[in-house]
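Comments concern the structure below.
Computed over heavy atoms, backbone and side chain alike; hydrogens, waters and symmetry mates excluded. Just so it is clear: chains get the letters A, B, ... in the order the sequence lines come, proteins before strands, and each one is counted from 1.
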Amino acid sequence: MHDIRNLTISSTNPCLLVYLIDQSYSMSEQFGNASHNKAFEVAEAINDIIYEVGLRCIGSGGELKNRFEIAIIGYGKEKNSAQSGWEGQLAEKWVVSIKNIFEYPLGQENDKPIWIKPYAEQNTPMTKAFENAKRLCNDWINWGNHRDCHPPIIINITDGEATDAGSSFSPLINETQQIKQLRTNYGSVNILNIHISSKAGDKSLFPNETPSIDRFGKLLFDISTPLDENMIRIASQKGYRINNGAKGYVFNGNASDLINFLNIGTPQ
Amino acid sequence: MSIRILQLHKRASYEYKYIQDKYALSSDNKTFALADGTTQSFNSELWAKIITTEFVKSPNFEPLNLISQFKGCVQAYKDEMISFSTNPAKASLERAKQSKGGTATFIGLQINKENSVDVISCGDTNLFLLNSENKIKTFPFSDINSLDANNHFINTEVLLQNHIDKTFFKHTSIKCNQNDTIILATDALSRLILKKPDNITELLNIQSFEHFHDFCIKKWEGKELEEDDISAIIIPIDDSESIKLFCPPNNFQFPKEKEEEFIPASLTKGKLKQNSTMEMNEIRSQFNGVAKDMYHVKSKLNLHGILLMVTISLLIVNMLMMYLLRPKTNNSISEKPIIENVIKSEKPIQEKSIFRIIKDKLFGSSTQNEKKVEEKEKKQ
């Protein structure tokens, strides 16, 4: 395995980000103390993250470097179904390069482009979403020079109540274990979970210990992978207080912090 | 020995004009500066060029004075004409990025009389001093971890907000000897030297751009060197004033990667199945056709099996009959008398076929029948 400290995410060595978005009915509940619902919070978070990624890929001449490829898998918009979450002209795509993402936004809001709208429709087939993510990551790793790239990062944003994992959640746990076996020459696939809840609670960012929220919170913490050594190094460098072994689990926060932990050339 | 400047842009930048490391030097007052414009900030190569040129023009080793000097340069950076993209989404990014300003690391030095060297630095661009005994001194970072932990950069907006103070800068004065060599290197190369100091000897032996290019490619391919802009200024502590620049020629560029769209085969196939009813029907009818053919093949195979069994059974029966109904021979008679008998017999002995033997057994032999017919005729 190569030293990830020598790896810069670039257009020659891009990174795949896979977002799994919960679009189930429960997402229509209010988000914490906010006036909007959880679905709105998720859509806004995804649009913000894509914009943040764009900021890290645009060069001085206005050209967007394909440092990232992004997949969005929505689950629960249709019953028992996990499908590509891209809309508009990107609707038929699973994975889109950052260059094409900024060519085809859905529209603009507050002078910023948007790609995703909020949905809160059916049940929560989270296992199916992870199964699709597994197939997608496997195909991506085995394509072109991707074995020499940063391992894909799966970011699941949910309120945690999977409906296709039984009472023991074993099918879901099994899928995530299979995902963790997939690897590039720089390490295995990362799974991060962003747990958004109706309960108002303190934001928890990349903890080391199991949160005492509920059994869904514990499940999401358990299936998350630890942040890799490089992420922790960069995070500490940027003033985050993250310890070794910290898990990729966030409670009532968003993932824009995570983009700051990736080596995309010198920041600032 | 000459002063040598080595530069190669990262492969992802394709062309040398996009390199974000900038240098400036003055052989008259023996002043050198190297800055690394950061990848993620706006027009950082311009900011790196402005501060290196400014330093060489008027070297300053007092941090507060240098901060004020650089602050005075921000306007020159902002005056650069920028035309935003016509794509509203990209223009939004450009505006957001421009508002965050330009960022660069910086290291500057001046060789004074009696070979003392003043150095001032902000960020992870490093100095290495190699003496005649091949011992290396470093400044400001002596190991990778402290270099990686650096969090100080010179950003135009932060300068204007007076949020850059003297703690951002490190300053020292180093005593050198004749025949010592100073190397200024940007972060990727510094990391390589800190990890394996032997690399410094290889670097010092480089005497052409081709040689430097091969060195970088070898280290990139071997995953020892980070894929970044690579810059070094090699300064011998002697009276040399000649300068050699080893940078890519005008016609040099790294190949652009093919823009092939990744399509996940396993998910796309699944989607086609779900979406196209026509295709599903076609697949179903083809499948039925294959199933029908399989049925025919299977029934033919059954018939062949039965025929084969019958043939084998007949063969076995035949062999059994041959064994049971074989003609009785006298083992005590030797071969010779038999031959004699054959010669002596009046009628040739007819070889009996197996069918004939069966017939004889069932209906009696033909000679016996003939005798019976003769006896009947006599009686009549």
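Ranked by heavy-atom pairs under 4.5 Å with chain A, the first of Lys256(B), Glu224(B), Lys10(B) is Glu224(B). No other option in Asn66(A), Val95(A), Leu16(A), Val96(A) has as many heavy-atom pairs under 4.5 Å with chain B as Val95(A).
Considering all non-hydrogen atoms of both residues, Lys97(B) and Leu55(A) come closest at NZ-O, 3.3 Å.
For a residue to count as touching a neighbouring chain, one of its non-hydrogen atoms must lie under 4.5 Å from one of that chain's; by this rule Leu46(B) does not touch chain A. Of the atoms belonging to Trp140(A), heavy atoms from both backbone and side chain fall under 4.5 Å from chain B. For Asn150(B), the part lying near chain A is the backbone, with the side chain staying farther off; criterion is any non-hydrogen pair under 4.5 Å. With a 4.5 angstrom heavy-atom cutoff, Glu69(A) touches chain B only via side-chain atoms. Looking at Lys219(B), there are no atoms closer than 4.5 Å to chain A (heavy atoms on both sides), in backbone or side chain. Both the backbone and the side chain of Ala12(B) come within less than 4.5 Å of a heavy atom in chain A. Of the two parts of Asn87(B), only the side chain, counted from C-beta on, holds a non-hydrogen atom closer than 4.5 Å to a non-hydrogen atom of chain A. For a residue to count as touching a neighbouring chain, one of its non-hydrogen atoms must lie under 4.5 Å from one of that chain's; by this rule Ser11(A) touches chain B with backbone and side chain alike. Of the two parts of Phe254(B), neither the backbone nor the side chain holds a non-hydrogen atom closer than 4.5 Å to a non-hydrogen atom of chain A. Using a 4.5 Å cut-off between heavy atoms, Glu261(B) touches chain A through backbone and side chain atoms alike.
Taking 4.5 Å as the limit, every side-chain heavy atom of Ile58(A) sits out of range of all side-chain heavy atoms of Phe42(B). For the pair Lys223(B)/Tyr186(A), a side-chain contact is recorded, criterion being any heavy-atom separation below 4.5 Å from C-beta on. Residues Ser10(A) and Glu227(B) are not in side-chain contact: their nearest non-hydrogen atoms beyond the backbone lie 4.5 Å or more apart. With a 4.5 Å cut-off on side-chain heavy atoms, Arg95(B) and Asp111(A) count as touching. Inter-residue side-chain proximity for Tyr51(A) and Leu93(B) is flagged as met; some heavy-atom pair is nearer than 4.5 Å. For the pair Pro113(A) and Ser92(B), the minimum side-chain heavy-atom distance is below 4.5 Å.
Here CD of Glu92(A) is found 11.5 Å from CD1 of Ile263(B). Values are rounded to the nearest 0.5 Å. Going from atom NZ of Lys93(A) over to atom CZ of Phe262(B) covers 12.5 Å, rounded to the nearest 0.5 Å.
Annotation: Lys112(A), atom NZ; neighbour count of heavy atoms from other residues, nucleotides and ligands within 6.0 Å is above 12. No more than 12 heavy atoms of other residues, nucleotides or ligands sit less than 6.0 Å from atom OH of Tyr18(B). Surrounding CG of Asp165(B) are more than 12 heavy atoms belonging to other residues, nucleotides or ligands, all under 6.0 Å away. Counting non-hydrogen atoms of neighbouring residues, nucleotides and ligands closer than 6.0 angstrom, the CD atom of Glu202(B) exceeds 12 such neighbours. Shown here is Tyr104(A), whose OH atom has no more than 12 heavy atoms of other residues, nucleotides or ligands within 6.0 Å. The neighbour count for Lys128(A) NZ, taken as heavy atoms of other residues, nucleotides or ligands under 6.0 Å away, does not exceed 12. At most 12 heavy atoms of other shown residues, nucleotides or ligands fall within 6.0 angstrom of atom NZ in Lys99(A). Shown here is Glu78(A), whose CD atom has no more than 12 heavy atoms of other residues, nucleotides or ligands within 6.0 Å.
Asp139(A) places a side-chain N or O within 3.5 Å of a backbone atom of Ser266(B) that can act as its donor or acceptor partner. Lys90(B) contributes no side-chain N or O that, together with a main-chain N or O of Leu64(A), makes up a donor-acceptor pair within less than 3.5 Å.
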